[in-house]
There are 2 protein chains.
Amino acid sequence: MKSATEKQQAAKEPPNGESGKRRKSVAAPREQKLQLGVLNGHLGYFVRRLQVAIFKDIIRVLAPMKVRPAQYSVLVLVDSNPGRSQAAIGRALGIERARLARLLHDLQRRKWIERRAAAGDRRSHSLFLTGEGEKALVRIKKLAASHEAKLAEAVGLKRRILLMDLLRDFG
Amino acid sequence: MKSATEKQQAAKEPPNGESGKRRKSVAAPREQKLQLGVLNGHLGYFVRRLQVAIFKDIIRVLAPMKVRPAQYSVLVLVDSNPGRSQAAIGRALGIERARLARLLHDLQRRKWIERRAAAGDRRSHSLFLTGEGEKALVRIKKLAASHEAKLAEAVGLKRRILLMDLLRDFG
DNA sequence: TATTGTTATACTCTATAACTATA
DNA sequence: TATAGTTATAGAGTATAACAATA
């Protein structure tokens, strides 16, 4: 079976098909879809488009709690791994320690996380959610869940499971 | 059949298993893998991770030509759709017109693109590659192709086709 | 009034470097 | 010497707003 990938990559019609149809209303110039050229062969292009679309929604959904996606992921990881160091959290999420320091400063200012001196190593800080932080995270998770439900519907349940299983191998 | 998604979401062991094993060398503290918690249920989390990994590589690969991914995509679209306006290119790629204006200013400074007055509408600029731009794009495409080949190998050919087919529906 | 393109501003994210205090 | 965390800076990307020219 020929995949859609091969089919679309093989498609090489000339860019425009101005055939004078479609002139119902005066407004609405109705742009032609542009040719993507070799972008059709780049997985990164499509992954990027999906990522941007998903993040636009999650950013909008979390906005009422004034939380950005990176902050959300840090709250979740601290909640799921209490007592771990900044270095460990940063490594797990791919967040630079410099950026994580500022991000945590903000979360601490909001009284959502605590930094205690680590037991064995006095250089490192053990991270915990405060009671307030836990309550906030419950609300944030509800918002995130509504985003995910909407996304699942848009993507299709089967396709979503398939995608998750495919993507998870790149931890 | 239970998908890996469901399996991983069901996993809820306590975060640490510090059982004092694994003390071969003095260095290498060997961090535990942290629990991802509800991030396991977010498609966006995994899409984001893959996108970041892919872009790290393409950015590195294109660096010798001093081209960023967004510039590459613009060059490809202008090449595949000569004469189109900035608005059309920007819409197709999801680039804000304000940002595209500066991006094109840079490409024009490098003599890779031309902006001519549009025929029908004197507000808009028709975009074209220069001869130099076409030659540069040939070299850039070769670099991008080497990135894609490496990526295809890492992802696996079958999985890549599958992913492309799944993702393409979000144009 | 709306659209095209431009300039400017502010914010987020990323990437470094320099610094301290510990190990 | 290396690591944990902090502060600072610069660049890219994103989101707005304001503006001139044109439709």
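In this text, all values refer to a predicted model and were calculated from it rather than measured experimentally. Labels below follow one simple rule: chain letters A, B, ... track the order of the sequence lines, proteins then strands, and each chain is numbered from 1.
- Atom pair Phe55(B):CZ and dA15(C):P shows a separation of 13 Å (rounding to whole Å applied).
- One interatomic measurement links the two molecules: CZ of Arg97(B) to C1' of dT6(C), which rounds to 9 Å at whole-angstrom precision.
- Within the structure, salt bridge (charged side-chain N to carboxylate O under 4.0 Å, His left out) contacts touching residues 58-75 of chain B (residues at least two apart or in different chains) are Asp57(B)-Arg60(B).
- Under the rule for a side-chain hydrogen bond (donor to acceptor under 3.5 Å, both in side chains), Arg122(B) has no partner lying at least two apart in sequence or in another chain.
- A heavy atom closer than 4.0 Å to some atom of DNA chain D occurs in Arg115(A), Arg123(A), these being the qualifying members of residues 105-123 of chain A.
- In this entry the distance linking CG of Leu104(B) with C1' of dG5(C) reads 10 Å, nearest Å.
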Table please: side-chain donor-acceptor pairs of residues 131-140 of chain A below 3.5 Å, with sequence neighbours left out.
none

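- Checking side-chain atoms of Gln71(A) against main-chain N and O of Leu107(A) turns up no donor-acceptor pair under 3.5 Å.
- Residue Gln71(A) places none of its side-chain N or O atoms closer than 4.0 Å to OP1 or OP2 of dT12(C).
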For this session: Take Leu163(A) and Leu167(B) through the test side chain to side chain contact (heavy atoms under 4.5 Å, CB included) and record every step on the way to the result.
Result: CA-CA 9 Å; Leu163(A) 271 173; Leu167(B) 297 177; 4.0 Å; yes
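- Rounded to an integer number of Å, the gap from CG of Leu100(A) to P of dC13(C) is 12 Å.
- Residue pairs satisfying the salt bridge (charged side-chain N to carboxylate O under 4.0 Å, His left out) criterion with at least one member in residues 94-111 of chain B, sequence neighbours excluded, are listed as follows: Asp106(B)-Arg109(B), Asp106(B)-Arg110(B).
- As a whole-Å value, the separation of His125(A) NE2 from dT3(D) P is 18 Å.
- Here the side chain of Asn81(A) pairs no donor or acceptor atom with the backbone of Leu34(B) at under 3.5 angstrom.
- Rounded to whole Å, the distance from CZ on Arg84(B) to C1' on dG5(C) is 17 Å.
- Between His42(A) and His147(B), the ring planes are tilted. Angles from 30° to 60° get that label.
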Dump every N/O contact between nucleotides 9-15 of chain D and the protein below 3.5 Å, one line per pair.
unit_1	atom_1	unit_2	atom_2	d
dT9(D)	O4	Arg102(A)	NH1	3.4
dA12(D)	O3'	Arg68(B)	NE	3.3
dA12(D)	O3'	Arg68(B)	NH2	3.2
dG13(D)	OP2	Arg99(B)	NH2	2.9
dG13(D)	O5'	Arg99(B)	NH2	3.4
dT14(D)	OP1	Arg48(A)	NH2	2.6
dT14(D)	OP2	Arg99(B)	NH1	2.8

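- Rounded to whole Å, the distance from CD1 on Ile59(A) to C1' on dC13(C) is 11 Å.
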For this session: May I have the step-by-step check of side chain to side chain contact (heavy atoms under 4.5 Å, CB included) for Leu100(A) and Val74(A), ending in yes or no?
Result: CA-CA 9 Å; Leu100(A) 185 58; Val74(A) 167; 3.8 Å; yes
